[in-house]
Protein chains: 2
Amino acid sequence: MATIRDVAKLAGVSVATISRYLNKSGYVNVETEQKIKKAIEALNYEPNAVARGLAGKKTNTIALILPDISNPFFPELARAVEDVASMYGYTVILCNSDDEGVKEKSYIEVLKKKYIDGIIFASNTLDSADVEQMTKKGIPVVCLDRVPPKQSCSVVRSKNREGAKLAVEHLLSMGCRKIAHIYGPQEFITAKERLAGYEESVKHLDWYSPTFMIHGDFRIEGGIRATELLMERHPDVDAIFAGNDLMAVGALKALHRMGVQVPGQVAVCGFDGIGMTEITQPELTTVAQPIYEMGALVSRILIKKIEGTLEADQTYELDVALVPRESTLRRNEHASS
Amino acid sequence: MATIRDVAKLAGVSVATISRYLNKSGYVNVETEQKIKKAIEALNYEPNAVARGLAGKKTNTIALILPDISNPFFPELARAVEDVASMYGYTVILCNSDDEGVKEKSYIEVLKKKYIDGIIFASNTLDSADVEQMTKKGIPVVCLDRVPPKQSCSVVRSKNREGAKLAVEHLLSMGCRKIAHIYGPQEFITAKERLAGYEESVKHLDWYSPTFMIHGDFRIEGGIRATELLMERHPDVDAIFAGNDLMAVGALKALHRMGVQVPGQVAVCGFDGIGMTEITQPELTTVAQPIYEMGALVSRILIKKIEGTLEADQTYELDVALVPRESTLRRNEHASS
DNA sequence: CAAGTATGTGGTACCGGTTACACATAAAAT
DNA sequence: ATTTTATGTGTAACCGGTACCACATACTTG
């Protein structure tokens, strides 16, 4: 591999001039430019990114820390992050934290040593102290969805509370009268907000009771167990709003096993809009987050922070959209509540 | 951030000694060791990975180039790769190639500049010339599943032909008599081999005809279209073996739309063993590849090559396993063919 | 007792870039 | 005519490590 000094020698100029040429910083004469071009061509020269990183403390690398890439919510997000990053000339490091603070911290240690330019957090546990520490050390951080908006960094999230309301309204409009909610672990702000939205929407209704709210783990298995518990406790429910799509899938599975018709006897609605919702039978109604857009946005924001184009930390709240599908399709549409 | 020279100064020794201590290379006196430890502690010193990378041409970073992380086959694989990598102290860079040669090459360019230690290819287009070029430049490459085994690098793959035979045999044992195959794009060696396995298994049967082999694109949509075409052409098929799970899901969807019972009228079997197969209705029988194990293995092999523990390029063929589920469950089990 | 070897440490070139600063020249402004 | 200012280029320190080599002791060996 040729180095900048080789190029300098061949072009008959100094390394400084080459560097200036490469970075378009400072003056370079047109003729010199030609000579340099030729030399670079001839030597097949590629500037060494590591050396650049060391000298400039910038590596054009960002990290994406998420709980688990094999959780179906994240691949699309990761794809979006990487698409935007690569568009801007950045490379993406993938980290699976399993939502464990220890792992997160150990990743951060490594990433700092590697002069990573910025971090996207889609993982949970980190408290704002940690984040602040990062940003103070000059490493921009952007958080995604799952972080309480104590403004120590920019945050991209979506309207969970509103989404939950959309779901409940939709179910009501479909004629459902007893709508249960399977909520996710309350450490997740998303789970909390969705639960709150649900509660707000239903608490004034005559059938309302806290026993319609059942805990789940944000995974299929949890959705199954919650649904079993629910149907035992309230055989008369006619709708389940799950705190995320995975649990909704679980609900579907459980109901199918019990021989309960969906949407005939019980309607089911999820939240997130992951691809899976289109392959269940019946297809799953869901409150879709714009997953790809969220990833693209979070990536763009991080890069802007890195490049100094953006200063103020801000919270971006993206709209969610109800995607009505078969799992909530009922004959008596638009019945009055 | 403290540097090695700060530590040296505080400990009253030279940087060389610190370096020796850090890398456990060469001698360091026990007492000196204590002083160094203290100094490191006091300064909260962390060696700079970029500087190390520049000096040692080793970055403890590997790249995973795959077509698209949002293809459900890859998240689990990526997870495995990252798990193993992080266990060995490596960091993983994620690249989505969309199976486009141009993108692959541009990633490779960047990765070389970054002194990446090795590359895992789960992407298609690269020919062995490219791979050879890499390995010659001292960058170890390991290929996954989708690459023709012209031995220019180590390859991890699974037994596609055998898997296809398993699928056909299973369908036959379930009493199916006319088994169609939706094959994937023939640029993919996996698709080719599965097709070959299918053909071998059925060509001696009296109903065999090339018209039972239909082209699909390895995605849900392609599975749907292929199934529609197939059912029009051969309304009498009683089983579909799809070249991958996504197309099997498509088949399921198409059949459901047509009002064809699965497995009653038509049994469906996929290939890959992605998570989706457990959430369809009916659940999908599939020839499961050990996806996580493949990822873990490929990662381990790459790291061994990087660290010189492994020299000879080898091909690892992993076993696949038929996972029988509802989509092929037929009354007349074990009927004779 | 001289030579050889294991132990311990320091000086410094080097990895391959960036960039501050000095210096030179030509054109524009005063 | 002199001072600015814009243009163009080179020298060398620096980023923060690694590792080769020299050198100094303290024991073994022959």
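Throughout, a chain's letter reflects where its sequence line sits, starting with A, and its residues are numbered from 1.
Between B:Asp98 and A:Arg79 there is a salt bridge, since at least one side-chain N of the basic residue sits less than 4.0 Å from a carboxylate O of the acidic one.
For the pair A:Val50 and B:Gly53, the tightest heavy-atom approach, listed with the atom from each and the gap, is CG1-C, 3.9 Å. Of all heavy-atom pairs spanning B:Asn96 and A:Glu82, the tightest one is OD1-OE1, 3.0 Å. Of all the heavy atoms in B:Phe74 and B:Pro67, the pair that sits closest is CZ-CD, 3.4 Å.
Helix bend of the helix from C:dC1-D:dG30 to C:dT30-D:dA1: the angle between its two end axes, each built from five pairs, comes to 40° after rounding to 10°.
For NZ of B:Lys58, the number of neighbouring non-hydrogen atoms (other residues, nucleotides, ligands) closer than 6.0 Å is greater than 12. Environment of NZ in A:Lys9: sparse, with no more than 12 heavy atoms of neighbouring residues, nucleotides or ligands closer than 6.0 Å. Surrounding NZ of B:Lys113 are more than 12 heavy atoms belonging to other residues, nucleotides or ligands, all under 6.0 Å away.
With rounding to whole Å, B:Lys58 atom NZ is found 17 Å from D:dG17 atom P. Remark: C1' of C:dG16 and CZ of B:Arg52 are 19 Å apart, rounded to the nearest angstrom. The CG-C1' distance, from A:Asn29 to D:dG10, rounds to 15 Å in whole Å. B:Met1 places its CE atom 10 Å from the P atom of D:dG16, with the value rounded to the nearest Å. Here D:dG16 presents its C1' atom at 7 Å from OH of A:Tyr115, a figure rounded to the nearest Å. Remark: C1' of C:dC15 and NZ of B:Lys113 are 18 Å apart, rounded to the nearest angstrom. When rounded to the nearest whole Å, the span between CG of B:Leu54 and P of C:dG16 equals 7 Å. Look at OH on B:Tyr27: it is 17 Å from C1' on C:dG10, rounded to the nearest Å.
Nearest-nucleotide positions on DNA chain C place B:Lys57 closer to the 5' end than the other of A:Ser25 and B:Lys57. Residue order along DNA chain D, read from the 5' end via each residue's closest nucleotide, puts A:Arg20 first among A:Ala51 and A:Arg20.
Contact between the side-chain N/O atoms of B:Thr32 and the OP1/OP2 oxygens of C:dT9 is found at a separation under 4.0 Å. Here A:Asn23 reaches the OP1 or OP2 of C:dT18: one of its side-chain N or O atoms lies under 4.0 Å away.
A:Glu33 comes within 4.0 angstrom of nothing in the nucleic acid, heavy atoms only. Residue-level contact check: B:Tyr21 touches neither bases nor backbone, having no heavy atom under 4.0 Å from any strand. Heavy atoms of B:Glu31 sit nowhere under 4.0 angstrom from any nucleic acid atom. Note on A:Ser19: a base of the nucleic acid sits closer than 4.0 angstrom, heavy atoms only.
Remark: of the listed residues A:Asp145, A:Leu144, A:Ile291, A:Asp319, A:Asp145 is the sole one forming a side chain to side chain contact (heavy atoms under 4.5 Å, CB included) with A:Ser158.
Interface residues of residues 4-16 of chain B facing DNA chain D, ordered by number: B:Ile4, B:Arg5, B:Ala16; criterion, heavy-atom separation under 4.0 Å.
Side chain of B:Arg20 to main chain of B:Ser25: no donor-acceptor pair is present (N/O by atom type, distance under 3.5 Å, no hydrogens or angles). Remark: the backbone N or O of B:Glu31 is paired with a side-chain donor or acceptor of B:Asn29 at under 3.5 angstrom.
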